[in-house]
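Comments concern the structure below.
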Amino acid sequence: MAVLEKGNITIHTENIFPIIKKSLYTDHEIFLRELVSNSVDAISKLKMASLAGETTGDLPEPQIKIAVDQTKKTLSVSDNGIGMTAEEIKKYINQVAFSSAEDFIQKYEKTANDLIGHFGLGFYSSFMVAKQVEIDTLSYKEGATAVHWSCDGSPEFELTDSERTTVGTTITLTLQDEEVEYAEPQRIKQLIKTYCDFMPVKIVMDGEQINKQRSLWKESPQNLTKDDYLEFYRYLYPFQEDPLLWVHLNTDYPFLLNGILYFPKLKPDVDVSKGQIKLFCNQVFVSDHCEEIIPDFLMPLRGVIDSPDIPLNVSRSALTNDRTVRRIADFIAKKIGDRLKSLYRENRDEYVSCWEDVGTFVKYGSMKNEKFRKQVEDFIIYPTTYQADATSSSEDTPKVEVQTESGDAWEDVKTNTSTNTKPYTTLKEYLERNKATQENRVFYCSDTSTQSTYVELYKNQGLEVLFLDSFIDTNYFIPFLEREHSDVTFSRVDSELDKTLVEDDKAQEIVDPSTNKTRSELIKEIFEKALNKPRVNIKTQAIKSDDPQSTPPAMVLLPEAMRRLQEMTALMQEKAMGFPEDHILMINTSHPLIQNILDLNKGSIIDASGNSTSNELVNMMCLHIYDLALMAQKAFDAEGMKAFVERSNQVLTKLTQN
């Protein structure tokens with residue numbers, strides 16, 4: 001074998017190999033990604049040369065072969081790409097990578113981690129795991145001869161003739177003793193699946209293709225079916241429920257980006273602060289953390305983003321402030337908004353079925369991003385008590401909408417029948433529907449389990465109630481809505497009763513000559529004496545109803561402003577809010593039980609010992625009514641429940657003594 005050339009790589013290159021071996025990448029396994037990427041590039045260049053008429057005959061099927069030898073501790077990556085001549089090896093291997101070695105060292109020696117994603121240095125990443133690297137190559141050019149290049153990680157290299165007869169390149173690594181894991185077939189297959197699964201060239205090992213090859217996001221949405229999207233999702237995220245909807249991204253201006261993003265069905269144990277979107281660069285896997293690229297309110301999204309315009313060799317803080325990255329984040333948010341808008345307008349039933357999972361993040365996004373808010377504000381929906389004679393507008397066949405300017409495709413998963421029977425409305429619809437009766441006032445329920453009595457009261461009087469019962473609603477979104485709609489007042493159903501729910505009870509204002517007090521004053525006095533709780537404000541009102549027996553005899557009310565202040569204080573102190581001792585007990589004077597208590601109190605007879613059996617019963621019944629009103633608001637603790645049961649038994653005993 002003739003030695004064509006021996007030499008030294010100059011310009012202080014003795015300084016560069018330690019950096020490559022120890023610091024070029026955080027994970028040494030990246031070297032395989034780099035070598036395979038170079039092979040794909042070589043195959044692509046051969047195809048381009050063929051299209052330009054620079055080759056004769058048919059090209060072989062593009063293929064990359066990987067072989068390992070655990071005995072010899074070697075790993076080789078072979079391609080049937082464009083190959084190299086001796087001069088090209090000198091140019092691309094010996095010179096280009098090291099022509100600016102001094103600048104390279106000065107720039108990266110202290111910040112080696114910033115090199116992640118520097119694909120141009122791919123070939124030399126081999127020296128992180130190899131003690132010797134060899135290149136065996138034959139150029140496609142007519143009359144070219146095969147050459148062999150070798151280097152042991154020192155500045156010295158050797159270039160000789162080769163016996164290779166097929167166009168292409170083989171890179172062989174003799175692994176360092178501490179890196180022999182890369183001679184294990186299973187380890188290599190795992191790395192290919194991680195980093196090179198979607199490369200457009202078949203990768204073969206032991207006669208078996210080990211990469212999926214098909215990158216769905218690079219294909220035209222018009223050529224894909226619903227099953228294609230679902231199969232791809234299941235491949236990326238096995239053992240997960242099918243996604244709710246997805247958007248196919250495709251734009252080439254002002255940046256190049258392709259991708260498919262899915263909205264998954266969320267589970268309680270999902271950490272929504274950690275993204276699960278996979279970042280690719282030209283179909284090469286880079287990272288599964290895209291927190292700096294995806295707006296934080298869209299972190300639950302899954303799928304793939306592929307863009308060569310995302311800078312991969314900068315710090316995370318710099319990435320966040322990068323202009324292109326900010327544009328990409330805005331683009332993704334806009335396309336998600338467009339997708340939701342399309343679904344809302346075309347298939348509201350399907351939109352409603354997805355809302356339970358996507359609603360919280362749409363609300364959060366509208367608070368975080370002004371552009372996104374303007375995009376989605378008209379189709380943020382809320383569960384409501386309103387019932388309308390609605391006819392189903394759902395369609396049997398799913399639609400795919402393609403935007404011609406950007407090529408974005410939208411799709412959603414259809415179910416045969418909708419199981420969601422809860423009606424929903426937008427805020428705009430609510431205000432328009434109730435403008436004659438509620439004067440820009442929104443009544444809402446934040447907890448259906450404790451506020452159901454109040455909701456029924458509002459429903460019976462024809463007042464519509466919205467359900468804002470998620471954590472984000474109570475603490476953040478309602479104040480946000482009030483800032484955005486300054487002319488609208490939001491009142492929880494258990495705050496002070498709206499005037500439309502009560503009626504003027506003229507009988508309450510008639511003064512009883514025997515006591516010189518009104519009926520209302522007597523009732524208030526009876527309850528204040530029985531409860532003996534100065535911090536409980538007793539109020540008397542008559543609730544409107546055709547059947548007073550169906551209304552509650554008393555209700556605990558929490559004034560809106562005071563309750564919100566207490567909630568915010570608890571939130572800032574990071575502790576659960578206890579039930580406020582300062583609250584209102586509203587006595588429903590139209591309820592027959594209240595009248596019975598009043599009559600019983602008037603008929604009290606004091607015995608010789610100064611006690612009154614009927615007066616004692618009145619006190620016990622007042623406490624019992626208060627307990628029932630509290631139970632509609634909160635659960636009793638063990639001591640509270642014990643006292644309630646004892647009082648209940650005493651009341652029943654007293655009532656049955658006669």
Side-chain angles (χ1 to χ4, degrees), residues 27 29-30 32-33 36-37 40 117 186-203 209-221 223-250 257-267 269-296 298-308 310 312 328-329 331-332 335-336 339 354 357-358 361 398 400 408-414:
D27 298 319
E29 64 188 31
I30 299 294
L32 187 61
R33 179 190 75 180
V36 174
S37 297
V40 172
Q186 198 57 42
R187 176 69 167 134
I188 298 303
K189 290 178 181 179
Q190 179 255 321
L191 291 178
I192 293 298
K193 182 177 176 62
T194 299
Y195 294 104
C196 310
D197 208 17
F198 300 103
M199 286 187 171
V201 177
K202 180 191 295 186
I203 302 173
Q209 181 172 345
I210 58 174
N211 66 323
K212 188 174 178 65
Q213 193 175 346
R214 184 186 183 189
S215 50
L216 209 69
W217 65 89
K218 288 285 190 178
E219 299 183 25
S220 170
N223 299 331
L224 299 175
T225 66
K226 181 178 75 173
D227 287 341
D228 288 329
Y229 286 106
L230 290 176
E231 181 185 346
F232 183 58
Y233 180 84
R234 293 163 187 160
Y235 181 77
L236 292 176
Y237 307 99
F239 311 112
Q240 300 292 318
E241 291 186 64
D242 285 347
L244 299 166
L245 52 95
W246 57 81
V247 56
H248 194 141
L249 305 173
N250 182 11
L257 183 141
N258 301 96
I260 302 173
L261 296 180
Y262 297 86
F263 239 121
K265 188 169 181 60
L266 299 180
K267 295 182 178 180
D269 59 348
V270 172
D271 186 351
V272 296
S273 65
K274 294 183 179 180
Q276 298 188 59
I277 296 174
K278 301 178 186 297
L279 177 62
F280 286 73
C281 180
N282 292 327
Q283 296 158 265
V284 180
F285 175 76
V286 176
S287 173
D288 53 8
H289 296 288
C290 298
E291 287 84 351
E292 289 75 26
I293 301 168
I294 302 297
D296 55 0
L298 294 177
M299 278 300 167
L301 291 176
R302 294 175 179 172
V304 168
I305 290 178
D306 190 332
S307 175
I310 297 175
L312 303 176
I328 289 175
F331 172 79
I332 292 170
K335 293 311 172 186
I336 293 297
R339 176 66 191 95
C354 296
D357 288 278
V358 306
F361 302 97
V400 176
D408 297 335
W410 299 334
E411 180 61 277
D412 62 287
V413 181
K414 303 288 183 182

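On a predicted model such as this, the values are computed, not experimentally measured, just so you know.
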Just so I know, are the side chains of [X] and [Y] near enough to count as touching, which here means a heavy-atom distance under 4.5 Å?
X: Glu219; Y: His248; answer: no
X: Asn211; Y: Cys196; answer: no
X: Leu230; Y: Trp246; answer: yes
X: Ile336; Y: Leu301; answer: yes
X: Met199; Y: Val284; answer: yes

(Q) Treating Gln213 as the side-chain partner and Pro200 as the backbone partner, does any N or O pair qualify as donor plus acceptor under 3.5 Å? (A) yes
Measure the [atom1]-[atom2] distance between [X] and [Y] for me, rounded to the nearest 0.5 Å.
X: Asn282; Y: Lys218; atom1: CG; atom2: NZ; value: 5.5 Å
X: Leu236; Y: Glu231; atom1: CG; atom2: CD; value: 10.5 Å
X: Gln283; Y: Asn258; atom1: CD; atom2: CG; value: 8.5 Å
X: Phe285; Y: Ile192; atom1: CZ; atom2: CD1; value: 13.5 Å
X: Leu224; Y: Leu216; atom1: CG; atom2: CG; value: 4.5 Å
X: Ile305; Y: Ile310; atom1: CD1; atom2: CD1; value: 6.0 Å

Q.
Could you check whether Asp306 pairs with Lys278 (Lys NZ or Arg NE/NH1/NH2 to Asp/Glu carboxylate O, under 4.0 Å)?
A.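 So Asp306 does not pair with Lys278 through a salt bridge.
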Q.
Quick test of your reading of the model: are Asp357 and Lys265 salt-bridged, counting only N-O distances below 4.0 Å?
A.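 Salt bridge present between Asp357 and Lys265.
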Q.
Testing the 3.5 Å rule here: is there a donor-acceptor pair between the side chains of Tyr195 and Glu29?
A. yes
Q. Hey, what's the ring geometry for Phe232 with Tyr262, parallel, tilted or perpendicular (30° and 60° as the breaks)?
A.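 Tilted, since the angle between the ring planes falls between 30° and 60°.
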(Q) Looking only at the aromatic ring of each residue, does the gap between the centers of Tyr237 and Tyr233 stay below 6.0 angstrom? (A)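 When the ring centroids of Tyr233 and Tyr237 are compared, they turn out to be within the sub-6.0 Å range.
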Q | Qualifying residues under ring-ring contact (aromatic ring centres under 6.0 Å, His included), relative to Phe263, sequence neighbours excluded | A |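 Phe263: no ring-ring contact (aromatic ring centres under 6.0 Å, His included) contacts found.
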Q: Of all the heavy-atom pairs spanning Cys281 and Pro308, show the shortest one and how long it is.
A: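 Between these two residues, the closest heavy atoms are SG-CA, 3.8 Å.
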